[in-house]
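Keep in mind that the numbers below use all heavy atoms, side chains included, and drop hydrogens, waters and symmetry copies. In what follows, chains are A, B, ... by sequence order, proteins preceding strands, each numbered from 1.
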There are 2 protein chains.
Amino acid sequence: MNKVTLKDIANEVGVSITTVSNVLNNKNITSYSEKRKQQILKIAEALNYEPNLAAKALATQQPNMMAVLLPHYTYGSLQECPFYFYLISGIKNGAHARGLDIIIRFIKANETVEALVAWARGRCLHGIVSVGEISKCLILGLNKLNMPIALVDNYTAFKLKNIHYINTMDEYGGLIAARHLLEQGYKHLCILTSSITEETVDYYRYRGFKKGVQQAGYEESLIVVSTTNYQEGFDISYEVKSMGIDGAFCTSDSLALGLIDGLRSLGVQVPTDLGVIGFDNMSRSRENWLPLTTINQNVIKKGELAVDTLYNHESWGSQAKVSVNLIKRATT
Amino acid sequence: MNKVTLKDIANEVGVSITTVSNVLNNKNITSYSEKRKQQILKIAEALNYEPNLAAKALATQQPNMMAVLLPHYTYGSLQECPFYFYLISGIKNGAHARGLDIIIRFIKANETVEALVAWARGRCLHGIVSVGEISKCLILGLNKLNMPIALVDNYTAFKLKNIHYINTMDEYGGLIAARHLLEQGYKHLCILTSSITEETVDYYRYRGFKKGVQQAGYEESLIVVSTTNYQEGFDISYEVKSMGIDGAFCTSDSLALGLIDGLRSLGVQVPTDLGVIGFDNMSRSRENWLPLTTINQNVIKKGELAVDTLYNHESWGSQAKVSVNLIKRATT
DNA sequence: CTGAAAGCGCTTACAG
DNA sequence: CTGAAAGCGCTTACAG
């Protein structure tokens with residue numbers, strides 16, 4: 001079961017490796033006789049020939065991999081989230097369609113620019129998909145590699161060569177969340193977000209929501225949470241109950257789910273006493289004792305889009321956003 | 001920002017590339033003067049030298065990647081499960097500790113042995129970690145590659161060269177689930193499983209549970225579900241209610257969570273009317289309106305173990321199992 | 001102590 | 001229509 005090479009085929013057929021290489025890669029294809037071509041193809045098949053990708057990459061100087069950079073965040077918070085799995089699926093779809101492998105790299109909390117750039121430099125990378133928030137100096141460092149980079153769910157807004165952004169319509173999502181709550185008759189609204197400063201996903205969701213509320217002539221209350229997970233939502237419910245509001249928008253489904261369970265334990269009825277809406281439409285929001293109203297985003301599409309962008313990239317930065325829509329369930 | 005090569009360093013320092021290569025790789029290291037070594041190291045550093053991994057792999061004929069094969073199952077069922085993300089984390093830990101990259105490949109539903117083997121043949125693979133149930137002919141096909149393979153959560157029990165098994169103590173988990181329910185005073189027990197035929201994870205969980213019940217002198221009822229997800233659990237609850245049982249063991253947390261919500265909607269009180277225990281201890285089982293009692297397994301450890309096994313492999317097949325323990329929460 | 005040379009498996013002008 | 005040869009960036013006997 002030794003690796004079979006071009007040479008083996010060439011020997012078998014009695015031609016040069018040049019000819020074999022050309023035929024197998026459809027180069028100068030017109031110049032070879034049909035018979036010869038079939039002959040080579042047949043032998044290659046019979047021998048189970050498979051090109052050595054490392055050699056190919058070396059010879060062509062062409063990259064054959066797409067790197068996926070994943071934030072490490074706090075262990076557990078990220079990893080619990082099927083979201084990333086979907087995203088990787090999408091990236092995989094895009095990459096495999098073009099014959100590229102995906103190679104995954106987690107970014108450590110204390111990752112240095114040098115280490116990361118060194119890592120990238122050694123591989124034959126076509127481009128890099130970076131997911132989530134990542135420090136600016138890492139982005140700048142990676143940019144020195146002079147290869148296209150797709151930043152998914154990142155709002156740093158660099159206007160640089162090779163830097164591309166792929167986002168969800170987070171602001172619009174916040175906007176329709178507000179409108180929906182108002183339409184359902186909730187008037188005293190509150191938003192639970194992890195951030196009200198720029199360059200984060202949560203900020204845009206917050207901003208859209210605020211806009212929606214104010215456009216209707218109302219005002220919104222604000223709760224800033226430290227993380228948007230279930231536990232935080234559960235713990236914050238006491239506060240929410242005491243604020244005298246009747247509708248809450250959470251910037252993530254996990255947060256909303258925790259809030260609902262917390263409210264339940266305090267005897268607050270959702271959706272009658274209080275309406276709740278989340279964001280993401282993760283499967284868990286549907287599979288709940290009280291299915292969650294939420295803003296849906298197509299995560300797989302986002303992953304595919306990231307690869308598309310890298311592949312067809314204009315060297316100057318681009319911006320793309322995937323759409324969102326409201327999914328009405330039992331919590332509003 | 002062009003790639004810098006050994007040649008660049010050699011030119012700069014004024015030595016041969018052989019020398020540079022030796023120094024950088026700590027080969028024949030005694031034979032070079034300390035001064036020369038420092039000199040080379042300094043220039044390499046200054047130039048941001050990073051070895052081309054493809055060239056290295058070609059020259060040494062040494063693999064530098066670990067492949068991870070992921071089942072595709074039905075879209076959504078797998079992907080929803082953070083379980084796989086943890087596993088990949090563990091695999092990543094093990095691989096990176098040894099300077100190996102991980103390269104991910106999803107197995108399509110209609111994957112052919114040829115395609116998969118061809119894929120593997122072209123890369124410089126150190127070994128393969130395959131996750132979950134995978135068809136026997138794929139395993140046999142991969143085995144022809146003559147490289148170590150770790151099968152995680154797979155019970156096919158081939159006694160073959162290069163085939164290693166990494167499992168959870170599924171049977172023992174089922175056993176302690178049964179004992180726990182009995183200790184809590186539940187006597188009429190039922191197991192919900194997707195399989196009672198060998199070579200599946202669920203079979204062993206089922207078998208352990210059955211053993212536990214019978215050892216105590218009782219008998220168990222059986223429900224075979226088509227998949228162990230939330231919806232199935234929810235839908236089956238009507239049946240469960242009508243069976244006159246007071247304790248249920250579900251072979252997955254998702255299934256248990258669905259069952260609990262289904263029972264709730266039918267007015268059945270958990271844990272007073274009926275005790276429920278799951279398996280896996282996914283985060284969602286803790287983050288629930290009624291936290292789930294379940295069997296915990298260390299998935300990250302399992303991933304690390306898989307890589308360890310491949311790395312230190314004896315060529316003959318091995319078997320390893322990670323331990324489990326019971327987590328008591330509110331449903332029993 | 002150091003380097004020239006062959007080789008890993010492939011591609012690609014270029015010559016015939 | 002086909003092949004010899006150089007080259008991609010590295011490693012490794014081997015010779016001096």
Side-chain angles (χ1 to χ4, degrees), chain A residues 2-41 43-44 47-65 99 118 120-126, chain B residues 2-41 43-44 47-65 99 118 120-126:
Chain A
N2 267 324
K3 297 268 187 187
V4 4
T5 69
L6 283 188
K7 202 168 170 188
D8 300 319
I9 303 178
N11 285 156
E12 190 82 8
V13 182
V15 292
S16 72
I17 61 168
T18 304
T19 302
V20 178
S21 172
N22 280 151
V23 170
L24 258 26
N25 292 299
N26 275 309
K27 300 250 161 156
N28 307 329
I29 201 64
T30 51
S31 69
Y32 297 97
S33 77
E34 196 55 36
K35 199 174 141 194
R36 180 118 291 184
K37 282 193 260 180
Q38 291 313 323
Q39 203 182 158
I40 292 173
L41 259 14
I43 301 280
L47 257 37
N48 267 323
Y49 172 73
E50 214 42 58
N52 178 319
L53 261 31
K56 204 161 189 160
L58 229 206
T60 58
Q61 297 284 84
Q62 290 283 323
N64 58 0
M65 296 194 276
R121 213 190 293 279
R123 344 253 135 183
C124 294
L125 261 28
H126 190 286
Chain B
N2 266 324
K3 297 271 186 183
V4 4
T5 68
L6 283 187
K7 203 170 170 186
D8 299 320
I9 303 178
N11 286 155
E12 191 80 10
V13 182
V15 292
S16 72
I17 60 168
T18 304
T19 302
V20 178
S21 172
N22 279 152
V23 170
L24 258 26
N25 292 299
N26 275 307
K27 300 252 160 157
N28 306 329
I29 202 63
T30 50
S31 69
Y32 298 98
S33 76
E34 197 54 38
K35 197 173 145 194
R36 181 119 289 180
K37 282 192 261 181
Q38 292 312 323
Q39 204 182 155
I40 292 173
L41 259 14
I43 301 278
L47 256 37
N48 267 323
Y49 172 72
E50 213 44 56
N52 178 319
L53 262 31
K56 205 161 190 161
L58 229 205
T60 58
Q61 297 285 83
Q62 290 283 322
N64 58 0
M65 296 195 277
R121 214 191 292 277
R123 343 250 137 183
C124 295
L125 261 29
H126 190 288

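Under the side chain to side chain contact (heavy atoms under 4.5 Å, CB included) criterion, B/Ser16 pairs with B/Thr18, B/Thr19, sequence neighbours left out.
Across every non-hydrogen atom of B/Lys27 and B/Tyr32, the tightest pair is O-CE1, 4.1 Å.
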Close N/O contacts between protein and nucleotides 9-13 of chain D (under 3.5 Å):
from, atom 1, to, atom 2, distance (Å)
D/dG9, OP1, A/Gln61, NE2, 3.3
D/dG9, N2, B/Ala55, O, 3.4
D/dC10, OP1, B/Tyr49, OH, 2.7
D/dC10, OP1, B/Asn52, N, 3.0
D/dC10, OP2, B/Leu6, N, 2.7
D/dT11, OP1, B/Asn25, ND2, 3.0
D/dT11, OP2, B/Ser21, OG, 2.6
D/dT11, OP2, B/Asn25, ND2, 3.2
D/dT12, OP2, B/Lys27, NZ, 3.1
D/dT12, O4, B/Thr18, OG1, 3.3

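A/Arg123 contributes atom CZ, which lies 10.5 Å from atom CG of B/Asn52 (distance to the nearest 0.5 angstrom). Rounding to the nearest 0.5 Å gives a distance of 3.5 Å between OH of B/Tyr49 and CG of B/Leu6.
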Are A/Leu41 and A/Leu24 close enough, and set up right, to give a side chain to side chain contact (heavy atoms under 4.5 Å, CB included), and what steps lead you there? CA-CA 7 Å; A/Leu41 259 14; A/Leu24 258 26; 3.5 Å; yes
If you apply the rule side chain to side chain contact (heavy atoms under 4.5 Å, CB included), what do you find for B/Asn48 with A/Arg121, and how did you get there? CA-CA 9 Å; B/Asn48 267 323; A/Arg121 213 190 293 279; 3.8 Å; yes
Check the pair B/Asn25, B/Lys56 against side chain to side chain contact (heavy atoms under 4.5 Å, CB included), reporting the backbone distance first and the verdict last. CA-CA 11 Å; B/Asn25 292 299; B/Lys56 205 161 190 161; 3.5 Å; yes
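Put simply, A/Arg36 has a side-chain N or O that comes within less than 4.0 Å of OP1 or OP2 on D/dT2.
With the 3.5 Å cutoff on both pairing distances, Watson-Crick and G-U pairs in DNA chain C assemble into runs of at least 3 at C:1-3 with D:14-16, C:5-12 with D:5-12, C:14-16 with D:1-3.
Within the 3.5 Å criterion, the main-chain N or O of B/Ile17 finds no donor-acceptor partner in the side chain of B/Ser21.
One atom, NZ of A/Lys37, and another, C1' of D/dT2, lie 14 Å apart when rounded to the nearest Å.
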